[in-house]
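Quick notes on the structure that follows.
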Amino acid sequence: MIKPTLPQGTRDFPPSVVRKRQYILRIIREVFERYGFQPLETPAMENLETLLGKYGDEGDKLIFRILNNGLDNPAKREQVLDGFRQVMEGTGSKAVTERALRYDLTIPFARFVAMNHGQLQFPFKRYQIQPVWRADRPQKGRYREFYQCDADVVGSASLLNEAELANIYLDAFRMLGIPIELRLNNRKILAALAEACGGAEKLTDITVAIDKLDKIGMEKVMEELSQRGLSDEQSSAIGMYLSISGDVDEKLSKAEALLGHTPQGQKGIEEIRWLANFLKKEEGGYPFTLDFTLARGLNYYTGTIFEVKAGGVQIGSIGGGGRYDDLTGLFGVPGIPGVGISFGVDRIYDVMEERGSFPESLEVGTKLLFFNLGESECRYVWPILQSLRESGIACEIYPEQTKFDKQFKYAEKKKIPMVVIAGSEEIANGTLKVKNLTTSTQQTIGKDELKELLLQAS
RNA sequence: GAGGGUGUAGCUCAGCCGGUUAGAGCAUCAGAUUGUGGUUCUGAGGGUCGUGGGUUCGAGCCCCAUCAUUCUCCCCA
């Protein structure tokens, strides 16, 4: 016998957890639909070459690769051995692995758009809720298998899309009851910063370092910048940029003074300014914060970037996204710009659990349990049971004839709020005993009155 | 990829300086209670102390290795 275990970083979801997860997904899906997004699903696995090189060197290492079948075929022995040799030298080999589990939902979506651009109605708005896999080392709030819920618009460069996506975040988290901070920035501003201090090729180094500002502080960021090969002069210019403070308007003016002389900087600031004006609330103020330190890891972002932080809990971001000018260009179909956002369901779950934000009603599945008091008693309640089910009322009958104690405890464990007891006495009188387990009250009713009673109660 | 923590009953954990037969709470099962649950009382079952080696008269405890798990860093949701 082997000890049953789970692969590292994966989880089973027991019924109560699935209920809560589905509650989150239901709300997010509802909001997506309300904004005109359409569902899409893609396979769990993609061709390895579809994924490689899209997430940076670090990302490539975290892609789960699937071993080819038929490696034990003697006829292919030399080919396979040679393939393994290549794998051990760090270069991939189709002889050993040509498929991999999807790492996110954006690249498979880009692949889908590139394959079907002739058939799709643009702008194409899709949402996708599926698991993704990363060969990462698991830790708090990080798993090797987790769900992403993405919504993307492709085929439109309009900033109106950004405004809609921002509102999707605001709507969804309001409905979930999670206070959030929505942070925005623009990758063009970061690019302009890199251009001004260190050169465009330092963009990644700069973003990785400044992204950590709120975590490690200004001094450490400066240290990291010099470690990454920036001069003191360049670092201090970045320091000035990072020190920009004030409300959204002030920050924009200050950034303009610093980076407005470059075309990219100017463009980025204009984009944010437009978005800010558009999202501005009637009573003034903005439903987001402008965070110049926000960088986001993925390299394909080229414009607006989003990040959502949950208020009052110590957990990483629970959502993020951004604009990309040319994602499908990687697959030979240039000129389709897009923008998208993602919800981190697993972390949202953790936040809601920590805050106690799930409605209690989620725990009730079955509304009514019929006790089993013997075969003739079962025959007596059977038509009633079926008729309730036809009316959409979830109910069940205890399948074994056993003592009351057991049947009561079953109902209690499953959080079934009501039980029906019908024995020889009730059969003789054509009645039912209905007990409410939460109030511990009991009443006797005619056997045809049950449905009405339940419909009244709900 | 780098560095810590933890592995003892189904679950959460205690176990003194290395010393006789390894404990508690919860859970489970049975009974008090053959048509009324939750509270209570009584009793029972349940252990290769992660695994392998070593030190010792003696190891749950010390040492080494290994596996699992968890956390931090890198990176990310």
Side-chain angles (χ1 to χ4, degrees), chain A residues 2-11 14 24 55-63 90 102-106 129-150 204-205 207-209 211-212 215-216 220 224 227-228 295-299 306-310 314-322 340-351 369 371-374 377 398 401-427 432-444:
Chain A
I2 51 155
K3 203 170 149 194
T5 53
L6 284 172
Q8 192 181 43
T10 67
R11 298 152 294 162
I24 296 171
Y55 310 108
D57 293 345
E58 205 64 43
D60 281 357
K61 288 182 200 157
L62 301 180
I63 293 170
R102 74 165 100 76
Y103 179 89
D104 72 356
L105 300 178
T106 308
I129 301 176
Q130 288 189 280
V132 303
W133 294 269
R134 296 188 186 175
D136 205 354
R137 180 151 301 186
Q139 49 186 278
K140 194 177 173 64
R142 269 169 92 166
Y143 308 98
R144 285 183 153 179
E145 177 184 66
F146 62 97
Y147 270 70
Q148 282 191 336
C149 316
D150 282 22
T204 306
D205 283 314
T207 54
V208 167
D211 201 28
K212 298 177 192 165
K215 210 169 177 182
I216 63 176
K220 295 260 179 186
E224 183 151 349
Q227 270 170 24
R228 287 174 183 266
R296 312 269 323 142
L298 297 173
N299 287 322
F306 302 89
E307 183 158 282
V308 180
K309 286 236 159 195
Q314 198 60 36
I315 198 161
S317 73
I318 56 175
I341 55 170
S342 178
F343 286 80
V345 199
D346 301 84
R347 285 188 180 176
I348 291 171
Y349 179 95
D350 291 345
V351 169
L369 176 72
F371 272 21
N372 186 329
L373 296 161
E377 287 86 345
Y398 197 85
Q401 183 189 348
T402 177
K403 51 192 206 171
F404 273 42
D405 187 67
K406 273 220 172 210
Q407 306 198 41
F408 266 120
K409 280 181 174 153
Y410 177 82
E412 205 182 312
K413 281 267 163 61
K414 276 189 89 171
K415 302 233 153 79
I416 300 172
M418 278 190 176
V419 300
V420 172
I421 301 164
S424 50
E425 195 181 312
E426 285 78 15
I427 295 177
L432 298 169
K433 270 210 176 94
V434 183
K435 180 157 184 177
N436 182 324
L437 295 194
T438 34
T439 59
S440 209
T441 55
Q442 183 171 296
Q443 56 182 314
T444 305

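These numbers come from a predicted model, not from an experiment. Chain letters run A, B, ... following the sequence lines, proteins first, then strands; residues in each count from 1.
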What are the two closest non-hydrogen atoms of [X] and [Y], and how far apart are they?
| X | Y | answer |
| --- | --- | --- |
| Gln407(A) | Thr402(A) | NE2-O, 2.9 Å |
| Ala411(A) | Leu437(A) | CB-CD1, 3.8 Å |
| Gly141(A) | Asp350(A) | CA-OD2, 4.2 Å |
| Asp136(A) | Leu62(A) | CA-CD2, 4.0 Å |

Base partner of [N], which must satisfy Watson-Crick or wobble distances under 3.5 Å:
| N | value |
| --- | --- |
| U66(B) | G50(B) |
| C29(B) | G43(B) |
| U36(B) | none |
| A9(B) | none |
| G1(B) | C73(B) |

Base, sugar-phosphate, or nothing for [X], non-hydrogen atoms under 4.0 angstrom?
| X | result |
| --- | --- |
| Gly320(A) | nothing |
| Gly59(A) | nothing |
| Glu307(A) | nothing |
| Leu6(A) | sugar-phosphate |
| Thr441(A) | nothing |
| Thr5(A) | nothing |
| Leu62(A) | nothing |
| Tyr143(A) | base |

Please give the distance between the [atom1] atoms of [N] and [M] as a whole number of Å.
| N | M | atom1 | answer |
| --- | --- | --- | --- |
| G10(B) | A77(B) | C1' | 33 Å |
| G15(B) | U33(B) | P | 41 Å |
| C57(B) | G46(B) | C1' | 33 Å |
| C13(B) | U51(B) | C1' | 22 Å |
| U42(B) | G47(B) | C1' | 25 Å |
| C71(B) | U28(B) | C1' | 33 Å |
| G31(B) | U48(B) | C1' | 33 Å |
| C74(B) | G1(B) | C1' | 8 Å |

Can you tell me how far [atom2] of [N] sits from [atom1] of [X], to the nearest Å?
| X | N | atom1 | atom2 | result |
| --- | --- | --- | --- | --- |
| Leu105(A) | A77(B) | CG | P | 12 Å |
| Tyr349(A) | A77(B) | OH | C1' | 17 Å |
| Asp405(A) | U39(B) | CG | C1' | 13 Å |
| Leu437(A) | U36(B) | CG | C1' | 10 Å |
| Gln442(A) | U36(B) | CD | P | 10 Å |
| Asn436(A) | G37(B) | CG | C1' | 13 Å |
| Phe404(A) | U34(B) | CZ | C1' | 10 Å |
| Met418(A) | G37(B) | CE | P | 19 Å |

Take Arg134(A) and Arg142(A) through the side chain to side chain contact (heavy atoms under 4.5 Å, CB included) test and state the conclusion after the steps. CA-CA 10 Å; Arg134(A) 296 188 186 175; Arg142(A) 269 169 92 166; over 6 Å; no
Does any part of the side chain of [Y], heavy atoms only, come nearer than 4.5 Å to the side chain of [X], both counted from C-beta?
| X | Y | value |
| --- | --- | --- |
| Val132(A) | Tyr147(A) | no |
| Glu377(A) | Glu426(A) | no |
| Gln130(A) | Asp150(A) | no |
| Arg102(A) | Trp133(A) | yes |

Taking donor-acceptor contacts at under 3.5 Å, does the side chain of Glu426(A) reach the base of G35(B)? yes
Under 5.5 Å and under 30°: Phe408(A) stacked on G38(B): no
With a 6.0 Å cut-off on ring centres, are Phe408(A) and Phe371(A) close enough?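 Ring centroids of Phe408(A) and Phe371(A) are less than 6.0 Å from each other.
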Using heavy atoms to find the nearest nucleotide of RNA chain B for Arg144(A) and Lys433(A) separately, return the residue whose nucleotide is more 5′.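 It is Lys433(A) whose nearest nucleotide is closer to the 5' end.
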Within the sub-3.5 Å range, which N or O atoms of nucleotides 72-74 of chain B have a protein N or O partner, and how far apart are they?
from: U72(B); atom 1: OP2; to: Gln139(A); atom 2: OE1; distance (Å): 3.1
from: U72(B); atom 1: OP2; to: Lys140(A); atom 2: N; distance (Å): 3.4
from: C74(B); atom 1: N4; to: Gln139(A); atom 2: NE2; distance (Å): 3.4
from: C74(B); atom 1: N4; to: Arg142(A); atom 2: NH1; distance (Å): 3.1
from: C74(B); atom 1: N4; to: Arg142(A); atom 2: NH2; distance (Å): 3.4

Write out a two-atom table: protein N or O, nucleotide N or O from nucleotides 25-32 of chain B, distance below 3.5 Å.
from: U28(B); atom 1: OP1; to: Lys413(A); atom 2: NZ; distance (Å): 2.9
from: G31(B); atom 1: OP2; to: Lys403(A); atom 2: NZ; distance (Å): 3.1

Does any N or O in the side chain of Asn372(A) come within less than 3.5 Å of the main-chain N or O of Tyr398(A), such that one atom is a donor and the other an acceptor?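 The answer is yes, because a donor-acceptor pair under 3.5 Å joins these two groups.
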Side-chain N or O of Gln8(A) less than 4.0 angstrom from OP1 or OP2 on U69(B)? yes
Quick check: are there more than 12 heavy atoms from other residues, nucleotides or ligands sitting under 6.0 Å from NZ of Lys220(A)? no
